[in-house]
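Chain letters run A, B, ... following the sequence lines, proteins first and then strands; every chain starts at 1. Hydrogens, waters and symmetry mates are skipped; everything else that's a heavy atom, side chains included, is used.
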Amino acid sequence: MAKKVLLIDGNSVAFRAFFALFQQVDKFVNQDGLHTGAIFGFNKMLDIILDEVKPDYAIVAFDAGKTTFRTEMFPDYKGGRSKTPSELSEQMPFIKKLVQAHGIKTYELPNYEADDIIGTLAKEADNSGYMTTVVTGDRDLTQLSTDNVTVSVTKKGVTEVENYDPVHVMEKYEITPAQIIDMKGLMGDASDNYPGVTKVGEKTAIKLLKQYGTIEGIYEHIDEFKQSKMKEHLIEDQELAFQAKKLATINQDAPIEIKLSDIEFKGIQTEELIELYRQLDFKSYLAKLDGEQISLDLDAALSEIEFTVLNQDNLNEVNQFNDEITLYVEMPDSNYHTSEFTGFVMGNNSHWLVSRDIDLLQSDEIKSVLESNDIKKNVFNAKAMTVALNRLGIKLNNLDFDLLLASYLLDTNDNSDDLGQVAHEHGFMDVMSDESVYGKGAKFAIPADQELFEHLAHKANAIDVLHEKLVKELETNEQTALYRTIELPLSNVLSKMEIRGIHVNADTLESMGSKLIERMSEMKQLIYQEAGEEFNINSPKQLGEILFEKMGLPVIKKTKTGYSTAVDVLEKLRADAPIVDNVLQYRQISKLQSTYIEGLLKVIHSTDQKVHTRYLQTLTQTGRLSSVDPNLQNIPIRLEEGRKIRQAFEPSHEGWEIFSSDYSQIELRVLAHITGDKNLQEAFIEDEDIHASTARRIFKLGPNDEINRDQRRQAKAVNFGIVYGISDFGLAQNIGITRKQAKMFIETYFEEFPGVKQYIDDIVGLAHQQGYVETLTNRRRYLPDIHAKNFNLRSFAERTAMNTPIQGSAADIIKIAMIKMEDALKDAGLQAKMLLQIHDELVFEAPAEEIPTLEKLVPRIMDSAVSLDVPLKVESAHGKTWYEAK
DNA sequence: AATGTCACG
DNA sequence: ACGTACGTGACATTT
């Protein structure tokens, strides 16, 4: 097989990579403040292309300096270009190192550009009968393409390329690769700052070349041209055209000192590359490198750590800890309700006790330490530890420091549930991430004793070392109270709710499911009939082809991969063809079936007929919880059909009921409080229907005027819009009015609620000034994009600046209520148990006879969780199932 | 692993 | 002129 040669135009690819990632210029910075976006992009390109080409020879050519034979010929060549941004030029030396670490030579030659080096080598390769791939960001190089030379030009970004061989050049430009030079001669090149023939662009140039072949050919026949402006320009600019042609011609005989045999591709130099990735902070690439090689190498980089392996005979070792201990129980699966245990570590001050034998935790010696109220516990993920130990019949008491929770409060942005990664974020590198120890996907494996124990000891040590630092940082941010009185106690409340679980009646789900399946197959047949063929309705691609190509329905919206078939689009097409309505119905049923019937059935524990969700306490950017495995925060309610799913959620005892209370309009009440807007506050103090009240104001209605349904609906959308960080476009889209009308609404709203307007201006200003915003309890969200040059990114950050204090404070309030609730239920001696939190709603189960008590107690706890300038309002309901609690 | 869609607050 | 509401998770399909 022919040898393969890879020639890369280093400068142009680096430029492309830099500008492709420029919007995120602030995201790609390593610890030393070096920008790394272009390096990152270059690396990505290299990985892909090396994998694709698998070259025998490879080189990356760079431009040597400002002056070349072209500037000698034409002093203004590439003149007027703005200087290379310093953010890019500082990256060039690293790109060269990166290339070398990939086992590829770099080369530059005084007086010549990278193009010429590539052209010369391409010619040599072609003559030797090799297959060559040229990678560049510059279309001019397509002139080099032959049957044996493919020119890959990077498209948006650097990872996608368009491959030019002579056939593709012909398809695209209708000329040969050699004629590309003539085309450039006629057109000139604005970016290289040389002119061609006046008023001749791509279209005209191609037309002329198709007829006369070359620039020379054109001028040989210039006399035969009909009198025209174009002819005048051609004659006038003849010299320029020939000059431009020369400038555009790549020199294929540059005096380079290297031959193909000097540029053999050596393959990746793993050690060098690891060192470089480390320096650059390229974590994902580090992880990607061969797992074993890396873990060996990283292992060597970690400090040696001592530990004692616990067994039945040395359990008295734990007696040395009487003040505080650091504890970590290792679980390979993220679901701590069900995961197996692979080991544990406990200790402090570099005295680490480790073991794989989980049963040891249940020994009197260890159990008494864990359950002690005098010995403080430092952990990573208190809730996971609490639930895990509960499975072993151990009650974990006196939790004090949670590295995960503290880290989340300090900065919600770069968070992870991996101890190693979190430690790295805080500058502590002497611990590995789980992924680099265990590998991932198919490679996942639990290592042998020594490696596992070292990993565990390093983890415990990381918690220990970061403890003091993070506690100080919380103090600096005035977040100590948030940590101690809200998040840490809440993690305990949540662990109880998760452990309790909620009873789900599988029979109810199954009988619903079989009805749905029946209806689904009817709908399916109907849709196939209307379509005239069978296809996969669940595939947006296939559905799009049927609707928009076969049936010719009007295309309303496109996605980046094809036609959009989302609800808002289909709804507009409803009247055009009956199939649309059927597809919508089919989708609705299939969603219920797959996500809520089958999905829920899969996660019911066979031992207790319950589902045990996990609340993620350190995930959202606003301070809300999220719920997974299963997600119990998105069980259907809006449409009756879906709402019936809630009939399967039952109390776990005979004679009990489901009881549910929710905050009414909590976000708008928080808005009224935070903005201090008198008009908005008044509406809540008077307990008015808030959307009607807003309607009265924005439509300028009198106190006795009727508010019609549509006015209220629109006002409701405006209220939502305000909370989300409104834009006229968004509002218009949402309620189907013109942008102009939406703008009017917003303006009127701001006139009527000047305090809200003031708040928006203030908070966006504050975010710009300090780089973050805060909630009522000093929960903090950093907004790095607030300084972005990119309009979209910046606007998004500005909207979050105003939304986060609202959504986040509402989250704070219900969290406080939950902590108080757990105590209040206990103090009142009730059997009632809190089961679920759905952002502004709490769901309980209780004996029927406790319901009257709950109806007073629960709202009282909830509405007094905090004291705002407006009252909080709570509404309750109860019934035999969650469905009936409405 | 990414994308589109749709369920919730 | 830019291109849009805020916060989530699960599923099926496609790459």
Side-chain angles (χ1 to χ4, degrees), chain A residues 23 284 412 440-441 535-544 557-570 583-584 586-600 602-603 613-616 619-639 641-643 645-646 662-667 671 717-735 739 742 746 773 781 788-808 810-811 814 836-842:
Chain A
Q23 283 140 336
S284 58
T412 53
K440 64 169 174 180
F535 65 102
N536 188 342
I537 310 168
N538 286 321
S539 159
K541 190 164 164 249
Q542 294 181 34
L543 179 63
K557 203 167 72 180
K558 286 195 149 196
T559 66
K560 54 179 126 176
T561 51
Y563 312 105
S564 169
T565 65
V567 239
D568 55 320
V569 170
L570 295 194
V583 168
L584 282 168
Y586 176 87
R587 280 230 182 112
Q588 202 193 320
I589 302 167
S590 120
K591 175 86 180 178
L592 291 177
Q593 172 64 18
S594 65
T595 304
Y596 297 105
I597 304 282
E598 285 174 1
L600 272 176
K602 262 187 265 177
V603 290
T613 187
R614 277 150 50 224
Y615 289 104
L616 304 187
L619 182 136
T620 70
Q621 298 300 307
T622 55
R624 275 188 174 184
L625 302 175
S626 86
S627 157
V628 294
D629 282 341
N631 181 355
L632 295 179
Q633 291 181 319
N634 72 345
I635 303 300
I637 188 166
R638 289 173 201 176
L639 299 172
E641 280 204 282
R643 191 175 200 155
I645 298 285
R646 294 178 176 226
D662 66 282
Y663 283 112
S664 162
Q665 305 296 353
I666 188 164
E667 292 194 346
L671 181 73
V718 172
N719 280 333
F720 270 98
I722 294 294
V723 171
Y724 293 154
I726 201 159
S727 75
D728 51 10
F729 186 96
L731 180 64
Q733 179 110 55
N734 193 290
I735 51 177
R739 206 168 150 165
I746 295 168
V773 291
R781 178 177 187 176
K789 293 178 188 137
N790 179 297
F791 176 89
N792 278 327
L793 287 178
R794 193 177 61 250
S795 303
F796 184 55
E798 287 170 355
R799 289 198 295 274
T800 13
M802 76 142 304
N803 170 267
T804 297
I806 310 294
Q807 193 183 112
I814 195 165
L836 304 176
Q837 188 249 46
I838 305 111
H839 309 305
D840 62 357
E841 174 187 5
L842 295 174

Pairwise side-chain contact, [X] with [Y], heavy-atom cut-off 4.5 Å (strictly under):
| X | Y | value |
| --- | --- | --- |
| A/Ile645 | A/Ile597 | yes |
| A/Lys557 | A/Asp568 | yes |
| A/Gln633 | A/Leu625 | yes |

Counting any heavy atom closer than 4.0 Å, what does [X] reach on the DNA or RNA strands: base, sugar-phosphate only, or nothing?
| X | value |
| --- | --- |
| A/Glu841 | nothing |
| A/Ile838 | sugar-phosphate |
| A/Gln621 | sugar-phosphate |
| A/Val723 | nothing |
| A/Gly599 | sugar-phosphate |
| A/Ile635 | sugar-phosphate |
| A/Asn734 | base |
| A/Thr804 | nothing |

Think [X] has a side-chain N or O under 4.0 angstrom from the OP1 or OP2 of [N]?
| X | N | answer |
| --- | --- | --- |
| A/Arg624 | B/dG9 | no |
| A/Thr565 | B/dT5 | yes |
| A/Thr559 | B/dG4 | yes |
| A/Arg587 | B/dC6 | yes |
| A/Gln542 | C/dT14 | yes |
| A/Thr595 | B/dA7 | no |
| A/Asn538 | B/dT5 | no |

Rounding to a whole Å, what distance do you find between [X]:[atom1] and [N]:[atom2]?
| X | N | atom1 | atom2 | result |
| --- | --- | --- | --- | --- |
| A/Asn631 | B/dA7 | CG | P | 14 Å |
| A/Leu619 | C/dA10 | CG | P | 11 Å |
| A/Asn792 | C/dG3 | CG | C1' | 5 Å |
| A/Glu667 | B/dC8 | CD | C1' | 13 Å |
| A/Phe720 | B/dG9 | CZ | P | 10 Å |
| A/Leu616 | C/dA10 | CG | C1' | 13 Å |
| A/Arg794 | C/dA1 | CZ | P | 16 Å |
| A/Glu798 | C/dG3 | CD | C1' | 14 Å |

Closest to the [X] side chain: [options]?
| X | options | answer |
| --- | --- | --- |
| A/Tyr724 | B/dG4, C/dG7, C/dA5 | C/dA5 |
| A/Ser539 | C/dT13, B/dG9, C/dG3 | C/dT13 |
| A/Thr561 | C/dC11, C/dG9, B/dG4 | B/dG4 |
| A/Lys541 | B/dT5, C/dT15, C/dG7 | C/dT15 |
| A/Ser626 | C/dG3, C/dG9, B/dA7 | C/dG9 |

Give, for atom CD1 of A/Ile589 and atom CG of A/Leu584, the distance between the pair rounded to the nearest 0.5 Å. 11.0 Å
In Å, rounded to the nearest 0.5 Å, how long is the span from CZ of A/Phe729 to CG of A/Leu731? 11.5 Å
When both distances are under 3.5 Å in a Watson-Crick or G-U wobble arrangement, the nucleotide paired with C/dC11 is B/dG4
Can you find a donor-acceptor pair, distance only, under 3.5 Å between [X] side chain and [N] base?
| X | N | answer |
| --- | --- | --- |
| A/Ser727 | C/dT4 | yes |
| A/Arg781 | C/dG7 | no |
| A/Asn634 | B/dA7 | yes |
| A/Gln807 | C/dC6 | yes |

Between A/Arg587 and A/Leu570, is a side chain to side chain contact (heavy atoms under 4.5 Å, CB included) present by the stated rule, with each step listed? CA-CA 11 Å; A/Arg587 280 230 182 112; A/Leu570 295 194; 3.8 Å; yes
Can you give me the closest heavy-atom contact between A/Ser627 and A/Pro630, atom names plus distance? OG-O, 3.3 Å
